[in-house]
Amino acid sequence: MTKFSDLNLSPKVLKAVEEAGYETPTPIQEGAIPPALEGKDVLGIAQTGTGKTASFTLPMITKLARGRARARMPRSLVLCPTRELAAQVAENFDTYSKHVKLTKALLIGGVSFKEQDTLIDKGVDVLIATPGRLLDHFERGKLLLTGIEIMVVDEADRMLDMGFIPDIERIFSLTPFTRQTLFFSATMAPEIERITNTFLSAPARIEVARQASASETIEQAAMVFRPSRKDREGSEKRRMLRDLIDAEGATCTNAIIFCNRKVDVDVVAKSLKKYGYDAAPIHGDLDQSQRTRTLDGFRDGSLRFLVASDVAARGLDIPSVSHVFNFDVPSHAEDYIHRIGRTGRAGRSGKAITICTPRDEKYFDAVERLLQKAIPRIGNPKAPEPEAAQVPAPTAAPALTAAPAPVAAPAPVRESAEEQPRRSTSRRSEKPAPRSEKPAQRNNESRAPRDSNRGSDRRGGRDSNVVGLGDHLPEFIALSFDERRAS
DNA sequence: AAAAAAC
C-alpha cells in the first residue's frame, strides 16, 4: 500500500503531513501528487471529501519550497468559487507548510484591499483567490500574473454554475503558457471539457469514484406538509421544522438547515433562536466576518444549527454533521445531492429530512428521479400515526393526506421521445425551440468578459463525451446541464 | 421562485 513517504514529497512537507496524523494518501492524492511533482498538468475528477485539496497543496508546497517570491509577482495561484472555499484552501496551506518558508495571500471579496495589497507588494508564493477579487486587484495594476508557475482551478464545475468561466478564461490568458495547471472538477460537463482541452496540455487524468452514493450512508425522509392557510405557510413550516428537530432528540447533535432563499435563511434562523434553539444564519449577503465567525462556531461545535443558503451546500468541509434539514426542496435536483452530502460523511451515519409542500412536489419528484429511488414519507412527528399516511380522506392533520404512495419505480431519467423537445428548450427562452443539432445556440453578440450571464455558456450537446465517476455513476452525471435542468 | 461572486 502506498504511503505518503513513497510519494517523493519534500521531507518538510512529509513531516507536516505526519504531524497532522496522515499516513496513507487517498486515491486522488495517490494519483495526482506524482504527476504534479513531475511538473505535469493534472486533470482531477473528484469531489469534496476525497482529499482533493491536499492533492494539490502538498506538491505545490514541495515545488515552491525552492526559490523565492518577487514583489507583485506571485509564483502560484489557486482559484476557488466561493470565499469560504478559498479560506479553507488557505488553512490547508498553513497546515502543511508549517516547516517551509512560504508566503501566501488570500484574495477574497468582502474584506479590505489594504492588507491584501500589502502582502502582494511584498511578494507571495501562493495566491488563493476568488475570481472577482483577483481580477479587481489585477485591474488596479497591483498584480502581475506573468510569474505564475503553477495554477490551480478548484471546483471548476461549480465555477461554471456560477458563471465564472469567462473570468477563468481571462485569468488563464494572463498567466504564462509555460505554467503548470492543476484542474479539478466533480463532473466533466461539455463546457468544462472545452476549457481543459484549451488550457491543459497532455494532462494526467485522475478520476475518483464518489465516496458513497447518497443512498448508502444517509437515511432520507420527506415530511409532506400542507399549510392550513396560505398566509400561514411560513410560520407553520417553521413550527414543523422545530417538531422535526425535537423528534430527533439527542441523536441530532448538530444540523444544517437549508433554505432556498436568503430571506428565509434569516427568518428561519431568527425564529429558531426565538424558540431557544442555538442557530445562526449563513448566506452570501451577510458580511464576511460574520460568515467566517458563524462557520468557525459551527465547526468547533459551539453552534448547533447552521441555517444556510446553498453557499454551504457544496465544497465546505464541515465534519460530522448528524442531520441535514431541507426547509425547502431545492429547485435543482442536483443541489439536493450536494446538500444531503453534508451529512453521513466518512462512514458515519447521517439523516436528511426534507419538508415538502404541495408546491414543491414537482421538484421533489425530480429529486427522486435523479436518485432513482423513492424517499420514504414520514408523518407529522407531533401526531405519530404512520397508518394515517395512507388514508386519502381529509383528516385533522392535513399534512398527512398529502403523502402520495411511495414511488415504486421512478421514471427513468432519460425520457421518452415525445418529451425530448422540452430538453432543448433553454430555461430562458419562452417558446419551445425545435430540436436541432445545436440545442443551446451560443450567444453571438459580444459579451463583456466579466458578464456572468448564466446559461449562455452552456452547451447541451447530447453527443458530448461524458466521463464517469467509477463504480457509482449517478444517472444525472451522464446528462448535460440543459438536460438536467429540463425538469 | 434562487444563489454565488467585485466595488
Side-chain angles (χ1 to χ4, degrees), chain A residues 78-89 106-114 116-117 128-143 153-171 230 233-234 237 256-268 281-288 290-292 295 306-316 326-339 342 355-364 366-367 427-428 448-455 457 481 484-485 487:
Chain A
V78 182
L79 289 171
C80 305
T82 67
R83 299 170 187 173
E84 276 75 13
L85 228 34
Q88 201 169 284
V89 169
L106 179 60
L107 304 190
I108 59 174
V111 293
S112 89
F113 280 92
K114 219 173 144 212
Q116 298 178 353
D117 277 341
I128 302 142
T130 46
R133 182 53 75 97
L134 180 88
L135 286 170
D136 213 339
H137 276 285
F138 179 80
E139 275 154 17
R140 290 158 171 245
K142 291 284 186 183
L143 187 61
V153 179
D154 197 12
E155 305 252 337
D157 52 341
R158 194 163 179 208
M159 303 244 198
L160 173 68
D161 283 352
M162 291 167 67
F164 279 162
I165 295 300
D167 287 353
I168 299 301
E169 292 187 77
R170 170 140 184 252
I171 295 165
K230 224 175 179 177
E233 177 172 331
K237 225 173 156 185
I256 306 181
I257 297 151
F258 284 104
C259 304
N260 287 1
R261 280 166 300 221
K262 290 181 279 197
V263 276
D264 290 327
V265 169
D266 287 329
V267 172
V268 169
I282 187 165
H283 61 69
D285 281 354
L286 297 172
D287 69 65
Q288 191 54 40
Q290 193 180 345
R291 281 164 69 167
T292 309
L295 202 55
L306 183 68
V307 187
S309 69
D310 280 316
V311 225
R314 301 198 210 179
L316 290 191
N326 285 313
F327 188 75
D328 302 300
V329 180
S331 52
H332 293 302
E334 67 261 40
D335 288 336
Y336 178 88
I337 314 262
H338 291 295
R339 287 181 180 187
R342 308 281 87 204
I355 301 177
C356 180
T357 65
R359 233 178 353 156
D360 294 329
E361 297 262 6
K362 63 174 188 287
Y363 296 120
F364 200 72
V367 168
R427 277 171 72 222
R428 302 194 141 236
R450 321 273 320 267
D451 180 4
S452 63
N453 176 16
R454 43 178 309 155
D457 266 316
F481 279 79
R484 291 185 211 173
R485 291 211 156 75
S487 56

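Note on naming: letters A, B, ... go to the chains in the order of the sequence lines (proteins, then strands), and numbering restarts at 1 for each one.
Here dA2(B) is the nucleotide among dA6(B), dA5(B), dA2(B) with the atom lying nearest to any side-chain atom of Arg261(A). Nearest to the side-chain atoms of Glu139(A) among the listed nucleotides dA6(B), dA4(B), dA5(B) stands dA6(B).
Asp310(A) and His338(A) form no side-chain donor-acceptor contact under 3.5 Å, judged by distance and modelled atom types alone.
Contact of the Asp360(A) side chain with the Ile355(A) side chain is not registered, since no non-hydrogen atoms from C-beta on lie closer than 4.5 Å. At least one side-chain heavy atom of Leu85(A) sits less than 4.5 Å from a side-chain heavy atom of Arg158(A).
The phosphate of dA6(B) has neither OP1 nor OP2 within less than 4.0 Å of any side-chain N or O from Arg140(A). Within the structure, every side-chain polar atom (N or O) of Ser309(A) is placed at least 4.0 Å from both OP1 and OP2 of dA2(B). Within the structure, every side-chain polar atom (N or O) of Thr82(A) is placed at least 4.0 Å from both OP1 and OP2 of dA5(B).
Separating the CG atom of Asn260(A) from the P atom of dA2(B) is a distance of 9 Å, rounded to the nearest angstrom. Atom CG in Asp287(A) sits roughly 16 Å away from atom C1' in dA5(B) (whole-Å rounding). Rounded to whole angstrom, the span from the CD1 atom of Ile168(A) across to the P atom of dA6(B) amounts to 11 Å. In this entry the distance linking CZ of Arg158(A) with C1' of dA5(B) reads 11 Å, nearest Å. Distance CG (Leu134(A)) to P (dA6(B)): 10 Å, rounded to an integer number of Å. Phe113(A) places its CZ atom 7 Å from the C1' atom of dA6(B), with the value rounded to the nearest Å. In this structure, Gln288(A) places its CD atom 11 Å from C1' of dA5(B), rounding to the nearest Å. Atom CG of Leu79(A) is separated from atom C1' of dA6(B) by 15 Å (rounded to the nearest Å).
Between Arg140(A) and Asp136(A), at least one side-chain nitrogen of the basic residue sits less than 4.0 Å from a carboxylate oxygen of the acidic one, meeting the salt-bridge criterion.
Residue Pro330(A) is classed as having no contact, given no heavy-atom separation below 4.0 Å to the nucleic acid. Using a 4.0 Å heavy-atom cutoff across all strands shown, Ser331(A) reaches no nucleic acid atom at all. Across all strands shown, Arg291(A) has heavy atoms under 4.0 Å from sugar-phosphate atoms exclusively, and none from any base.
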Note to self: Run the side-chain contact (heavy atoms from CB on, under 4.5 Å) test on Ile128(A) and Ile108(A) for me, step by step, so that the C-alpha distance in whole Å, both residues' side-chain angles and the decisive distance to 0.1 Å come before the verdict.
What the structure shows: CA-CA 8 Å; Ile128(A) 302 142; Ile108(A) 59 174; over 6 Å; no
